2 protein chains.
Amino acid sequence: MTDTMEGSAPRRTRIQQEKRELILEAALEVFSANGFRGSTIDQIAEAAGMSKPNLLYYFRRKEDIHETLMQRLLDTWLAPLRELDDIGDPLTELRSYIRRKLEMARDFPRESRLFANEILQGAPRMKPMLEGELKTLVDEKAAVIKGWMRAGKIARTDPWHLIFSIWATTQHYADFDVQVRAVLGADRGGDGRFEDAARFLEQLFLDGLKPKG
Amino acid sequence: MTDTMEGSAPRRTRIQQEKRELILEAALEVFSANGFRGSTIDQIAEAAGMSKPNLLYYFRRKEDIHETLMQRLLDTWLAPLRELDDIGDPLTELRSYIRRKLEMARDFPRESRLFANEILQGAPRMKPMLEGELKTLVDEKAAVIKGWMRAGKIARTDPWHLIFSIWATTQHYADFDVQVRAVLGADRGGDGRFEDAARFLEQLFLDGLKPKG
DNA sequence: GCAAATTTTGACCGGTTGGACAAACGTTAG
DNA sequence: CTAACGTTTGTCCAACCGGTCAAAATTTGC
């Protein structure tokens, strides 16, 4: 190993690739449950089934693991929004965006919590990505939505806050899962809660609360 | 000081009351910004303008501070929901509940983040309160809302998920503040963002996104 | 099969952190 | 004034934690 494993072109052996994946998976588990400062290298190493020095052979610092995780996270996390485009019926597009986001909250709660943890702490390591990549994408999609509004396809509102509200309502089911389950109780808090949420959110975003007629 | 400062009837001197308040205020600042494990007693002591051993004279353990903060938090946090009642027009009631919650996100972001931090970590110290006090209150209010639905005053949906969505959308502006500001940018992310949010949320919850007519 | 490169491990280190403690200092009531 | 009580501080400790290092074990290329 003469390489520093960082920089633009880190060539890696098979073992390195596998072990790095193993570590990142373990770190996702630990970081998402305890936050960055609440997690120890030992915990991650144990979750990955290796010793601490061994882990530090693959990632020289705790921060490096977190950073790598963050970079990957943003991509997968924004994928649903990237898919939102001008083709197809606007209301259908929005409905399926909401559905996809809710599915992500259900299937990748750890990723959601990792993200939430980072933002909650003021995004010390992610701020640049938020102001760059994220803002660019959201502005772009906001423009698309504005087009729909001008065309009279959906009601006129603030597209940015619309996107926020979709993020908030869907991610809530991952980030605040304990609370949701505590409130719904054993019977209603079971697996069905995501379908209930999907039905509710569809109605909320399409029709609001005013009674029909 | 012969008392342990805990238990059912802790009589306290004037200085003790003042200093404890000072510490709790400092701890709110520190805990909400760094989480429980990310905060040190030293940080809290410095923020409160006293030495660490001095702080530990008033709260014997770091956990005691956090616990006290949590107990107070739930009460103030649920106050807006407690005010939601059967008197008055349902849509107006819900609208002002949303407004109150949004005002809390604006005026008490530290409390919101402290709460979010606790829930995100699986509510290790708050679970009992969630399953007890919180669930009871929400169930009660869900019943009120159900009444409104039966009376045809508002559209029929799941009252519990309705409450979740109000929590999620409003608290988002406190908990994800950095993200909101990063996306809105310097110009739109200023003080006006809460009014924009208020307008948007009112429209969303009342009318949804379907175009008029 | 063997040498070079890679991977793994145990021992160790310095800094931080939560907390204990006794001594010093301040306050208050008689 | 003074004794009892309440408050503050400096010092200290043990556990934890991020990270180093050299040596041992293993894998890989020839």
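Since the model is a prediction, treat every value here as computed from it, not as a measurement. Each chain gets a letter, A, B and so on, in the order the sequences are listed, and its residues count up from 1. Heavy atoms only: backbone and side chains are in, while hydrogens, waters and symmetry mates are out.
Looking at B:R20 and B:D64, no side-chain N of the basic residue comes within less than 4.0 Å of a carboxylate O on the acidic one, giving no salt bridge. Under 4.0 Å is where a charged nitrogen must lie from a carboxylate oxygen, and between A:R188 and B:D139 no such pair does. Remark: A:R72 engages A:E21 in a salt bridge, criterion side-chain N to carboxylate O under 4.0 Å.
Taking the six-membered ring where the residue is Trp, A:H172 and B:F164 present tilted rings, their angle falling between 30° and 60°.
One atom, NE2 of B:H66, and another, P of C:dT17, lie 17 Å apart when rounded to the nearest Å. Taking atom CZ on A:R20 and atom P on C:dT8, their separation rounds to 14 Å, with Å as the unit. Atom pair B:L56:CG and C:dA22:C1' shows a separation of 15 Å (rounding to whole Å applied). Atom CG in A:D42 sits about 13 Å away from atom C1' in C:dG10, given to the nearest Å. The nearest whole Å value for the distance from the CD atom in B:Q43 to the C1' atom in C:dG19 is 17 Å. Look at CD on B:E18: it is 13 Å from P on C:dT27, rounded to the nearest Å. Atom-to-atom, CZ of A:R60 to C1' of D:dC17 comes out at 19 Å; the value is rounded to the nearest Å.
Other residues, nucleotides and ligands contribute only 12 or fewer heavy atoms inside 6.0 Å of the CZ atom of A:F108.
Nucleic acid contact for A:K19: sugar-phosphate only, since backbone atoms but no base atoms lie under 4.0 Å from a heavy atom of the residue. Residue contacts shown for B:I41 are limited to sugar-phosphate atoms, with no base heavy atom under 4.0 Å away.
Distances were taken from every side-chain heavy atom of B:Y58 (C-beta onward) to each of C:dA11, C:dC21, D:dT7; the shortest belongs to D:dT7. The side chain of B:T40 approaches C:dG18 more closely than any other nucleotide in the set C:dC21, C:dG19, C:dG18. Across C:dA11, C:dT17, D:dT11, the shortest atom-to-atom separation from the side chain of B:P53 is found for D:dT11. Considering only the side chain of A:K62, D:dG18 comes nearest among D:dG18, C:dG19, D:dC21.
Contact between the side-chain N/O atoms of A:S51 and the OP1/OP2 oxygens of C:dT9 is found at a separation under 4.0 Å. Distances shorter than 4.0 Å separate some side-chain N or O of B:Y57 from OP1 or OP2 on D:dT7. A close approach under 4.0 Å does not occur between any side-chain nitrogen or oxygen of A:N54 and OP1 or OP2 of C:dT7.
No hydrogens or angles were tested; on distance alone, a donor-acceptor pair under 3.5 Å links the side chain of A:K52 to the base of D:dG18.
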